[in-house]
Amino acid sequence: MKIIIINGPNLNLLGKREPNIYGSLSMEEYLLKLRAMYSDIDIEYYQSNVEGKLIDKLQEVGYTYNGIILNAGAYTHTSIALQDCIRAITVPVVEVHISNVKNREEYRHHSMIAPACIGTIQGFGMNSYRLAVEALKGIDKTSE
Ligand code: DQA
């Protein structure tokens, strides 16, 4: 099983960005733990601060991988282009947020990408990524 975690803008700063909200672990540190936990799954990682680059990556992997875990950061709340892209590809996309965006500022309550994703996991800290892996594993099993 091959999946990819795609992180959007400012998520390269995990570990030092508002640790009270996003925790003190860097993505690289977290990925070490996650990959050790799921040694049977090929977990790729990509991050970009650029909307178009996120779209390029989604298009590149979106017809062949088993699943995509997408934390689009602030583009979640604004990007019709990302929504269109997720609709265009065939690989299931799980929307992920580290924080619970529903109990934060009002402008974070709406997700432009949610209607195109199979589901959303939010508010469980870095664990949100692991729960998304579990969700994708579940889909993969039931489609066998
Ligand atoms: C985030 C929530 C977004 O509102 C914010 O812009 C982020 C991170 C999260 O993981 O909690 O950059 O997606």
A.B. asks: With rounding to the nearest 0.5 Å, note down the distance linking OG in S24 to CZ in R17.
C.D. replies: 14.5 Å
A.B. asks: Can a side-chain donor-acceptor contact be found between E60 and Y65 if the only test is distance below 3.5 angstrom?
C.D. replies: no
A.B. asks: Identify the two heavy atoms, one from M112 and one from Q83, that lie closest to each other, and give their separation to 0.1 Å.
C.D. replies: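 Where M112 meets Q83 most closely, the heavy atoms are O-NE2, 2.6 Å.
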A.B. asks: Of the non-hydrogen atoms in Y38 and R130, which two are nearest, and what is the gap between them?
C.D. replies: OH-CG, 3.4 Å
A.B. asks: Would you compute the distance between atom CG of L13 and atom CG of N49 and round it to the nearest 0.5 angstrom?
C.D. replies: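 Here the interatomic distance stands at 7.5 Å.
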A.B. asks: Would you compute the distance between atom CD1 of I89 and atom CG of L58 and round it to the nearest 0.5 angstrom?
C.D. replies: 5.0 Å
A.B. asks: What are the two closest non-hydrogen atoms of S48 and K53, and how far apart are they?
C.D. replies: OG-CB, 3.4 Å
A.B. asks: Tell me whether Y75 shares a hydrophobic cluster with V50, the cluster being built from Ile, Leu, Val, Met, Phe, Trp, Tyr side chains joined at under 4.5 Å.
C.D. replies: no
A.B. asks: Mind checking the CD-CG spacing from E18 to N10? Nearest 0.5 Å is all I need.
C.D. replies: 9.0 Å
A.B. asks: Give the minimum heavy-atom separation between P92 and N66, together with the two atoms involved.
C.D. replies: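 Answer, listing the atom of P92 first, then N66: CG-O, 3.7 Å.
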A.B. asks: Taking a hydrophobic cluster as the set of Ile, Leu, Val, Met, Phe, Trp and Tyr residues connected by side-chain heavy atoms closer than 4.5 Å, whether directly or through intermediates, do I6 and I3 fall within one such cluster?
C.D. replies: no
A.B. asks: When you group the ILVMFWY residues by side-chain heavy-atom contacts below 4.5 Å and let the links chain together, are M1 and I4 in the same group?
C.D. replies: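 Unlinked, I4 and M1 end up in two clusters.
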A.B. asks: Check for a donor-acceptor pair, side chain of T76 on one end and backbone N or O of G73 on the other, with a separation under 3.5 Å.
C.D. replies: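 Between the backbone of G73 and the side chain of T76 there is a qualifying donor-acceptor contact (under 3.5 Å).
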A.B. asks: Shared ILVMFWY cluster between I113 and V101, side chains joined below 4.5 angstrom?
C.D. replies: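 Different clusters.
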A.B. asks: Between S128 and H97, is there a side-chain heavy-atom distance shorter than 4.5 Å?
C.D. replies: no
A.B. asks: Can you spot which of H110, E106, E105 makes a side-chain hydrogen bond (donor to acceptor under 3.5 Å, both in side chains) with R108?
C.D. replies: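 Among H110, E106, E105, the one that satisfies the side-chain hydrogen bond (donor to acceptor under 3.5 Å, both in side chains) with R108 is E105.
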A.B. asks: Mind checking whether I86 and E95 have side chains closer than 4.5 Å, heavy atoms only?
C.D. replies: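 No, their side chains stay 4.5 Å or more apart.
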A.B. asks: Where is the tightest heavy-atom contact between P9 and A72, given as atom of each residue plus distance?
C.D. replies: CD-O, 3.5 Å
A.B. asks: Does the side chain of N7 come under 3.5 Å of the side chain of Y129 through a donor N or O and an acceptor N or O?
C.D. replies: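 A pair is found: one side chain offers a donor N or O, the other an acceptor, under 3.5 Å apart.
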A.B. asks: May I ask you to test the T64-V91 pair for a side-chain heavy-atom distance under 4.5 Å?
C.D. replies: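 The answer is no, as the side chains (C-beta and beyond) never meet within the 4.5 Å cut-off.
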A.B. asks: For the CG atom of L11 and the CD1 atom of I5, what is their distance to the nearest 0.5 Å?
C.D. replies: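 Interatomic distance, L11 CG to I5 CD1, rounded to 0.5 Å: 11.5 Å.
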A.B. asks: Do E44 and Y46 make a side-chain contact, defined as non-hydrogen atoms from C-beta onward lying under 4.5 Å apart?
C.D. replies: no
A.B. asks: Do the non-hydrogen side-chain atoms of H77 and H109 ever get within less than 4.5 Å of each other?
C.D. replies: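 Contact flag for H77/H109 side chains = no.
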A.B. asks: Could you measure the distance from the CG atom of L54 to the CG atom of L82? Nearest 0.5 Å is fine.
C.D. replies: 6.0 Å
A.B. asks: May I ask whether V96 and I68 are part of the same hydrophobic cluster, defined by side-chain heavy atoms of I, L, V, M, F, W, Y residues being less than 4.5 angstrom apart, directly or through others?
C.D. replies: no
A.B. asks: Could you walk me through whether I41 and K137 pass the side-chain contact (heavy atoms from CB on, under 4.5 Å) test, one step at a time?
C.D. replies: CA-CA 9 Å; I41 303 178; K137 272 180 72 175; 3.7 Å; yes
A.B. asks: Locate the shortest heavy-atom distance separating S99 from Y22; write the atom from each residue and the value.
C.D. replies: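 Smallest interatomic distance, heavy atoms only, reads OG-CE2, 4.2 Å.
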